Novice: 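Below is the structure I would like to discuss, written out as structure tokens.
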Amino acid sequence: MSGDADDVVRFRERLGLPGIIDVHTHFMPERVLRKVWAYFDSAGPLTGMEWPIEYRHDEDERLALLRSFGVLRFTSMLYPHKAGMAAWLNGWAADFARRVPDCLHTATFFPEEGVERYVREAVEAGARVFKSHLQVGAYDANDALLEPVWGLLAEAGVPVVMHCGSGPAPGKYTGPEPVGRLLARHPRLRLIVAHMGMPEYTEFLALAETYPEVRLDTTMAFTDFTEDFTPFPVAERGRLAALGDRILLGTDFPNIPYPYAHQLDALERLELGDDWLRAVCHGNASVLFTVD
Ligand SMILES: [Zn+2]
């Protein structure tokens, strides 16, 4: 067992957790993942930050690592950057979920002709969670082509992890305003705001306070890396406590520039208590995804 795994196992054992559920991990076709890694290799020039990927391993090794950490369920967050890709990605993800039963079957979409049909097919095929990336996809969540998709997902109660905050890089359609308009039309949508909505933490917390089906994932938030450039406001910690049943562990494994356990330490040092940590790292997701 690696030193990494020792640290994660110690965290779990101290809390008495049977395992961890991580709602934000990336598995995708190998050649797409290589492109994502190439993007992070060049992210220094784009964002002013070095982004050395910690877990640049082949798929089997990445899966073995997550399991050695005691991660019981995880996702295969994938997302298209243009039209014509999403249905193909969904085919890959459905196959991945079949061969990797501890992965929650993940799907995605893009505002394009046919989107309602392939999203419906994915839901009927058992997709448990969707990913929407407004910055990479550069689309508006309020695009008319997506209107039936939001209705369908809200109706089916299938959560959507959405990269909608403007960090680490803003997009034309990121930020709380367009998401607020979406939720006003689809108040029951199970929206999971990725990265705690960074850097618009305050505004996305307000959306979660307004809409009971809105949740936030912790991905990369509170870590040393993120605190350096978009610190979470200390004054807002009380709101994290109050929303303790709607915050879900996410990590961005494997595309992270630090060891996995650092995300857990970053949550622990918020000092919101062991019950809060147990809910965030296991309980909330086990209810949402009905994991035993
Ligand atoms: Zn991610």
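In each ligand, atom 1 is the first atom listed, and ligand 1 is the first ligand listed. Computed from a predicted structure; not experimentally measured.
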Novice: Measure from the Zn ion (ligand 1) to each N, O or S atom of His24 and report whether any distance is below 2.8 Å.
Specialist: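 Coordinating: yes.
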Novice: Output, in order, the C-alpha distance, side-chain angles, deciding distance and verdict of ring-ring contact (aromatic ring centres under 6.0 Å, His included) for Tyr39 and Trp51.
Specialist: CA-CA 10 Å; Tyr39 169 79; Trp51 199 303; 8.1 Å; no
Novice: How is the N/O/S atom of Asp252 that comes nearest to the Zn ion (ligand 1) named?
Specialist: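 Among the N, O or S atoms of Asp252, the one closest to the Zn ion (ligand 1) is OD1.
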Novice: Please determine if the Zn ion (ligand 1) has an N/O/S atom from His133 lying under 2.8 Å away.
Specialist: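 No, outside the cut-off.
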Novice: Can you label the angle between the Phe253 ring and the Tyr55 ring as parallel, tilted or perpendicular, going by 30° and 60°?
Specialist: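 Tilted.
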Novice: Parallel, tilted or perpendicular: which fits the ring planes of Phe96 and Trp92, with parallel below 30° and perpendicular above 60°?
Specialist: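 Phe96 and Trp92: parallel rings.
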Novice: Would one find more than 12 heavy atoms of other residues, nucleotides or ligands at under 6.0 Å from atom CZ of Arg56?
Specialist: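 Yes, enclosed.
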